[in-house]
Every structure is written in structure tokens, then in C-alpha cells.
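Presented below is the structure to which this report refers.
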2 protein chains.
Amino acid sequence: MDDPLARYPGYSLRRAANATGAQLSVRLADLGLRQADASVLLILENSPDITASALGRRLDIQRANMVPLLKRMEEGGLIQRRAIDGKSQGLALTAKGRKARNAAQECIEGFENELLARVPAQHRAHLLPALNALWHDDGAS
Amino acid sequence: MDDPLARYPGYSLRRAANATGAQLSVRLADLGLRQADASVLLILENSPDITASALGRRLDIQRANMVPLLKRMEEGGLIQRRAIDGKSQGLALTAKGRKARNAAQECIEGFENELLARVPAQHRAHLLPALNALWHDDGAS
DNA sequence: CGATATTGTTATATGCAACAACAATCGCTA
DNA sequence: TAGCGATTGTTGTTGCATATAACAATATCG
């Protein structure tokens, strides 16, 4: 093989993210969800009445791109909007959304475990902290 | 913050890949290159007369999607095609392509070093092998 | 030879993200 | 309190990456 690209962490990062992301997408599709949907569901549980803009900032999605996402989830009966003031609206899970959230969490945690199982034991504990260092407080750099 | 998503390696993987990929894209754009272009240039150096299909398999890009990629690079004078037989054509760097390859490699290696510098020292050496385990021989799973 | 696989290509669809603009509204301050 | 700057939700548009289906030409192998 002798792949010169496999020596670059950045390239491996991209390939690994593409490969694993595609696999997760297949499983989430069985629940009728996309990755972004699942992220929203998980965040929403612990952030009652969060705003679409704030949610976008948390997930690093521009608020313009939140519109179709939230519209779809609202039409699917997963989330619900409630006016906070004349400008902002708070988001919340519906009962159906809570069920979807539980299914999504179970799906994701199972997948994450399989993911970690693929990593040789001596590297396993280092993966998450190393990855987090690459993007956490990235706006500060 | 208490972000429940940051506990999932898969999610951190996606975020890290997006963040770092965007940064690399900015730098490569200064050279008039995209990430896929740079990958092609680096592979081509050590794989004389590789086929478009084989190159696509190496980079995990469908051969249908190689067409516009290679067309653009050929029109940019970076690569050159040569008939191997009536069906296949071998790819090679032009002189201009070799210069672009050197610039791309310098750019990427500098970037990779900065990337690793962000990772705490005790995790640094584990990043690449852990990532490679996530996608290497992924078709076999 | 003849069936089968491969190659390069066209066309098309989808998901995701970026950018610019805009009206409405909020919050602070002079 | 009147006004100005910042924020919110939204629309529209663009570009990039990727996936699928189809097709003609050609290679490979039984």
C-alpha cells in the first residue's frame, strides 16, 4: 500500500470521519433521522427553550441552515416552538421527540462503543481528548 | 458548557474533521487547490501511470466523481493523460503539477505540524494510529 | 469465441454548508 | 424615552462533495 497520505493526521481525520459518519448515517436512517437531527434531539433534552440561534452556535451550524432542519423536525412532530418574546422562540421536544431522542441515544452509544472497539487498546483512551483538543475553543485560535 | 455531544468520539471526530478541514482548505485555496486536488498530486508522485479508477479507489472517490476533478486538473495543466491501452489511461504530473505538488506538500506538512501541536503531548502519538484504525481496511468489516 | 468485468464518461439527485440580504424586534444608553 | 446597534428568524442562492444509474467501448478469462 505505502500510502503517503496515511501519514497525515489531517487526512486520516477526514477519511475516518467520512467512513464512520457514513456508517452512523445508515443506522440513524432506520430511525428516520439524520446526524444533525440526532444532535438536536440530544441537546434539546438538557437545554429547555433554547433558541434556534443558540442551538446553531452550539452545533456550529449557521442559523440560516437551521431553518430547513428545524422545519423538518417540527413537521415530523419531534420538536415544538414557543414564543419567548416577539423575536425569539424557544425549542422543546414533543413526546414523540423524546422517544426519538431515546432511540437515537441508544443507537449512537452502541455505535460509539463499536467505534472505540476498533481502536487498539493502548490508543483508545487518548482518542477523545486528542480530538476534542482539535476543535474545542477553535474560534479562539 | 456541559456539552453531552463532546463525550462521543464519533461526534468529536466529525467536528474536528470539519474544523480542521475548513482551515486547510483556506490555505490550499491560496495555491489554487482543493483538498482532493492535493491528495491527487501527492499520490501521483509515487504512482506513475496510475489509472483514474485506481486513483479513485485509493482516495475513496467514486470514479464518476473523478471525472470533473481530473478534468479541472488537466485543464489547469497539472496532470496529463496517456493511453495505456484502448480502455485505460495513465495519469502523470506535468512540470507545473510537480511544482504544485511540492507547494501542496509543504503547505500540508506545515498544517499537520500545527495540528499536532494543538494536541496535548501525552495524547499526540496516539492520534494517528487511532484514526487509522477507524478507517483502514474498512471495507473488510 | 463468448460471457463477464472494468474503464471512462454523462446525467442527475441529495445533503451540507457558506454568504448576502431583509424586516422585525430587543436591549442599552445618551 | 427616543434612537441606535445588535440579534433573531427567515429567504434565496451558490458551491462542494457524494451517490446512483446508465451506457459504449474495451479488456480479461473460461
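In what follows, chains are A, B, ... by sequence order, proteins preceding strands, each numbered from 1.
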**Asked** At under 4.0 Å, does any side-chain N or O of B:Arg34 touch on OP1 or OP2 of D:dG15?
**Response** no
**Asked** So, is A:Arg72 near the phosphate of C:dG15, with a side-chain N or O under 4.0 Å from OP1 or OP2?
**Response** no
**Asked** Across the strands shown, which category fits B:Ala64 at heavy-atom distances under 4.0 angstrom: base, sugar-phosphate, nothing?
**Response** base
**Test item: side-chain donor near acceptor, A:Thr51 and A:Gln89, under 3.5 Å** = no
**Message:** Strictly below 4.0 Å: does A:Arg81 bring a side-chain N or O up to OP1 or OP2 of D:dG9?
**Reply:** no
**Asked** Would you say the side chain of B:Ser12 lies within less than 4.5 Å of the side chain of B:Arg15, judging by non-hydrogen atoms?
**Response** no
**Message:** Whether A:Arg57 contacts D:dT8 is assessed here as follows: a side-chain N or O lying under 4.0 Å from the phosphate OP1 or OP2. Is that the case?
**Reply:** yes
**Prompt:** With distance as the sole criterion, is a donor-acceptor pair present between the side chains of B:Arg101 and B:Gln105 under 3.5 Å?
**Reply:** yes
**Request:** Report yes if at least one side-chain N or O of B:Asn18 is closer than 4.0 Å to OP1 or OP2 of C:dA17; otherwise report no.
**Result:** yes
**Fill in**
Of A:Ala22 and A:Ser53, the one whose nearest nucleotide on DNA chain D sits closer to the 5' end is A:Ser53
**Complete:** Side-chain contact check for B:Arg63: nearest option of C:dA20, D:dT20, C:dT9 is C:dT9
**Item:** Distance-only side-chain donor-acceptor flag, B:Tyr8 / A:Glu109, under 3.5 Å
**Value:** yes
**Prompt:** Rounded to whole angstroms, how far apart are CD on A:Gln23 and P on D:dA19?
**Reply:** 12 Å
**Whole angstrom value for the distance that separates C1' of C:dG15 from CG of B:Asn65** = 14 Å
Between protein and nucleotides 25-29 of chain D, what N or O pairs are separated by less than 3.5 Å?
residue, atom, partner, partner atom, Å
D:dA27, OP1, B:Gly86, N, 2.7

**Request:** Return no unless some side-chain N or O of A:Thr51 is found under 4.0 Å from OP1 or OP2 of D:dG9.
**Result:** yes
**Request:** Check whether any side-chain nitrogen or oxygen of A:Gln62 sits under 4.0 Å from OP1 or OP2 of C:dA17, and answer yes or no.
**Result:** no
